[in-house]
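Notes follow once the structure below has been shown.
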Amino acid sequence: MNTFFITTPIYYANGEPHLGHAYTTTVADVLARYHRLMGHDVLFLTGMDEHGQKVELAARERNTSPQDFVDQMALAFRALWERLGISHDDFIRTTEGRHQHVVTEALQRVYDAGEIYSSDYEGWYSVYEEQFFTEKDLVDGKDPIGGREVVQLSEKNYFFKMSAYQEWLIDHIVAHPEFIQPVTRRNEILGFLRQPLGDLCISRPKARVAWGIPLPFDQDYVTYVWFDALLNYVTAAGYLSNEKAYSRWWPASCHLIGKDILTTHCVYWPTMLKAMGLPLPETIMAHGYWLVDAEKMGKSRGNAVEPLDLVESHGVDAFRYYLVREMTVGQDSTFTVESFQARYNGELANDLGNLVNRSIVMAERYVGGRLPVVDPLHPDLDPLRLRAEETASTIAQALPAYDTVAIVEAILSLVREANRFIEAKEPWALAKDETRRSDLETVIYGLGETLRQLALWLAPIMPEKSHAIWNQIGCEGDVANARKDALVWGGLPGGQSVRKMDPLFPKVDLEESATEESTEQTEEQGMAEESTTISFDEFQKLDLRVAIVKTAEKVEGADRLLKLQIDLGSEERQLVAGVAQHYEAESLVGRRIVVVANLEPATIRGVESQGMLLAASADGQLGLLAPDSDLPAGARVS
RNA sequence: GGCGGUGUAGCUCAGCUGGUUAGAGCAGUGGAAUCAUAAUCCAUGUGUCGGGGGUUCGAAUCCCUCCACCGCUACCA
């Protein structure tokens, strides 16, 4: 039997789950469910990464033990997976005995093979990032990632000879185009591997970090993140514990990850496996980020919407549907209420929900609620049958390509075909003509069978709603348990009674359900650590310039605004500044100021402002920023 | 700076190894129908396929170049 072993990353237990986690896990769930539908033997794994200093610190802050803390976090994640209808087969935690055993044993083997050595390491260490930095990495004496304190530290650590595997890894990636997907990420890794590859530090001294798995060959150290976390994939497969399971599941079919942990999965993990003498996973699929546009999340109404809130307002299935429908796996996408509502109203409520509703109503009204027994291959049903077969073949191609968007579109095309079919056949007209009774029955049967097909194909994406469809056409059992043979056209026997239910996707008034306020702008939600700092690139987007004030006057009808004409060197600009309560207009003329030159123009009190003057303020005091010397107008600030 | 990617209708995007009048969904406009969650169906686009050059009988699709944006990476800050 075909096996399909899919994993999500194990999520780090130092923060609450968010959209990024939800997306990865939902896509993995949808893929797992499709493979089950196709009759494959599936192992779907997710879990938690629970060791490390950040967990230790978080636990201390809450006055609890690390184990208590991670237990709570694991509960929070499990609760979300339950809410989202995730059908994982295993939930692994790195604090479990089965995993500690594998890590210990694997380390000992690699050590015995001479692939691990110890060495002194000296550098600047950030407690927060749990990382060393070289002198030149530092930015203003702070760590380059979060700008936090660093301390000089020299310590012995253990290293894995990762560098020895560089050529082998390149060869493997080149020889296996499916290994890293999408191709842009593959190129990235190949680019990364053109530089010399270093060795991998795999330890932390217990004196500094106690919360981890001790190195078997040196009890003064614990295992550092990668040689711990990544091994979860083989632990869960049964490595070193269940030979039968292991040989069945390993190597994994797919590690689904976010693009933020590409290197660890595409470089560290393969070399680790190689050193252990284990085969590599077939595919590492890196998806993109959801950009959450707070502006478009209802902020204009003063009440922003958190993506996960939509689960409560519109239901889990609509949320799952949106995730796999809107984002092409591998690319970034923007999460907005507008697009969510457009999908919900247009595709789910109008096209699909209404199709189900009108079909069931017609079955009740025109044929007494009992689905007729009709030859599924009746020529009148050809449009539906052919379209259903097309849907099936499209999905069969899209599934191995991880193309969730194509899967959804294939299903929607069947929905639209059915709506078109109804218009063409006009069952309401047939119902008025006794002589056309059999035509009518054929039509009703065709709709019933199409709904059955839809329920089956939608089940992996929308488990609850698809089951509701399944029930309404009188099918028994759980649609989630259906397998490939059920997908053959004509599986509806006929003769069973329809059971009308409430509309599947009622229109929702979001204004009432939106409550939480949010001040966030666009925020990236991957699995990367959130950071309040900005990158240098982001800073560079600002075009700050020195300007000289030519004229200044008060803006009519505004007591805080001044209208300034400024000399930017290459051009003159007009801008509006809210400094009238601190500066007389005349006193500014001739002064050098600093402005944001590439700010989008705005009209304030009817006056256009082509930029923004910079000033600092505190406790009601205000001071203009100005260069220390008589620089020319237009000088760039950086 | 190096490597890679993207740029196709108002919006979101399909268009594989070059080949009939460049497509889908949404939005817009006009119409039909009434079983249905005012839900559906039909019709409707003069799109410089980012600009320029080239290869070819023929290019959105291949090559070169330029521009814009994005990612990785280096360096500067």
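Naming convention: chains lettered A, B, ... in sequence-line order (proteins, then strands); numbering from 1 in each chain. Everything numeric in this text was worked out from a predicted model, so none of it was measured.
- Straight-line distance between the P atoms of B:A24 and B:G45: roughly 11 Å, to the nearest whole Å.
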Report task. Quick one: do A:F319 and A:H314 satisfy ring-ring contact (aromatic ring centres under 6.0 Å, His included)? Show the steps, please. Result -> CA-CA 7 Å; A:F319 181 76; A:H314 291 71; over 10 Å; no
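- As judged by a 4.0 angstrom heavy-atom cut-off over every strand, A:G353 is placed among the base-contacting residues.
- Across all strands shown, B:U46 forms no Watson-Crick or G-U wobble pair with both distances under 3.5 Å.
- With rounding to whole Å, A:E364 atom CD is found 12 Å from B:A36 atom C1'.
- Whole-Å rounding puts the A:N345 CG to B:A38 P distance at 12 Å.
- Taking atom CD1 of A:I422 as the reference point, atom P of B:C42 lies 12 Å away to the nearest angstrom.
- The existence of a salt bridge linking A:R358 and A:E423 is confirmed by a sub-4.0 Å separation between a basic side-chain nitrogen and an acidic carboxylate oxygen.
- Nucleic acid contact for A:F505: base, since at least one base atom lies under 4.0 Å from a heavy atom of the residue.
- In a base pair of the Watson-Crick type (N1 to N3 plus N6-O4 or O6-N4) or a G-U wobble (N1-O2 and O6-N3), with each distance short of 3.5 Å, B:C72 is matched with B:G2.
- In this entry the distance linking CZ of A:R185 with P of B:C3 reads 18 Å, nearest Å.
- The separation of B:G18 from B:U61, taken at their P atoms, amounts to 11 Å, rounded to a whole angstrom.
- A:H255 is not listed as a side-chain neighbour of A:T283, based on a closest heavy-atom distance of 4.5 Å or more.
- If you check distances only, the side chain of A:Q331 never reaches the base of B:C70 with a donor-acceptor pair under 3.5 Å.
- Counting any heavy atom pair closer than 4.0 Å across all strands shown, A:A349 reaches a base atom.
- Looking at A:L492 and A:P376, their side chains never come closer than 4.5 Å, going by heavy atoms from C-beta outward.
- Within the 4.0 angstrom heavy-atom criterion, only backbone atoms of the sugar-phosphate kind lie near A:R416; the bases stay farther away.
- Comparing B:U37, B:C35, B:U40 by their closest approach to the side chain of A:L504 singles out B:U37.
- Ranking B:C72, B:C3, B:U37 by closeness to the A:E188 side chain, first place goes to B:C72.
- Across all strands shown, nothing is found opposite B:G18 as a Watson-Crick or G-U wobble partner with both distances under 3.5 Å.
- Taking the six-membered ring where tryptophan is involved, the planes of A:F340 and A:Y344 are essentially parallel, since the angle between them stays under 30° and well short of 60°.
- Distance noted for atom P between B:U21 and B:A59: 12 Å (whole Å).
- Residue A:K500 is the one, among A:K500 and A:T263, whose nearest nucleotide of RNA chain B lies closer to the 5' end (criterion: closest heavy atom).
- Taking only side-chain nitrogens and oxygens, A:N350 comes nearer than 4.0 Å to OP1 or OP2 of B:U40.
- Nearest nucleotide to the side chain of A:R420, out of B:C35, B:U37, B:C41: B:C41.
- Comparing B:C42 with B:A60, their C1' atoms are spaced 30 Å from each other, to the whole Å.
- Judged by Watson-Crick or G-U wobble contacts below 3.5 Å, the nucleotide B:U12 has B:A24 as its partner.
- To the nearest whole angstrom, the two C1' atoms, one in B:G47 and one in B:U8, are 8 Å apart.
- For the 3.5 Å distance criterion, the side chains of A:T394 and A:T391 fail to qualify, holding no donor opposite an acceptor.
- Regarding A:Y289, its OH atom lies at a distance of 8 Å from the P atom of B:C72, rounded to whole Å.
- Nearest-nucleotide positions on RNA chain B for A:N187 and A:K507 put A:N187 closer to the 5' end.
- Side-chain proximity of A:R365 to B:U40, B:U37, B:C35: nearest is B:C35.
- Counting non-hydrogen atoms under 4.0 angstrom, A:D502 reaches nothing in the nucleic acid.
- Base pairing of B:U56: no nucleotide in any strand meets the Watson-Crick or G-U wobble criterion (both distances under 3.5 Å).
- The distance from atom CD1 of A:I407 to atom P of B:A14 is 16 Å, rounded to the nearest whole Å.
- Across B:C3, B:C35, B:G71, the shortest atom-to-atom separation from the side chain of A:W428 is found for B:C35.
- The residues A:D332 and A:K259 are annotated as salt-bridged, a charged nitrogen and a carboxylate oxygen being separated by less than 4.0 angstrom.
- Spacing between B:A14 and B:G2 at atom P, rounded to whole Å, works out to 28 Å.
- One interatomic measurement links the two molecules: CD of A:Q397 to P of B:G15, which rounds to 13 Å at whole-angstrom precision.
- Among the nucleotides B:C35, B:G25, B:G4, the one closest to the side chain of A:R358 is B:C35.
- With a 4.5 Å cut-off on side-chain heavy atoms, A:L456 and A:R452 count as touching.
- Closest to the side chain of A:N354, from the set B:A33, B:U37, B:G71, is B:U37.
- B:A32 is paired with B:U40 under the criterion used here, namely a Watson-Crick or G-U wobble arrangement in which both key atom distances are under 3.5 Å.
- Atom C1' of nucleotide B:C41 and atom CZ of A:F421 are separated by 14 Å, given to the nearest angstrom.
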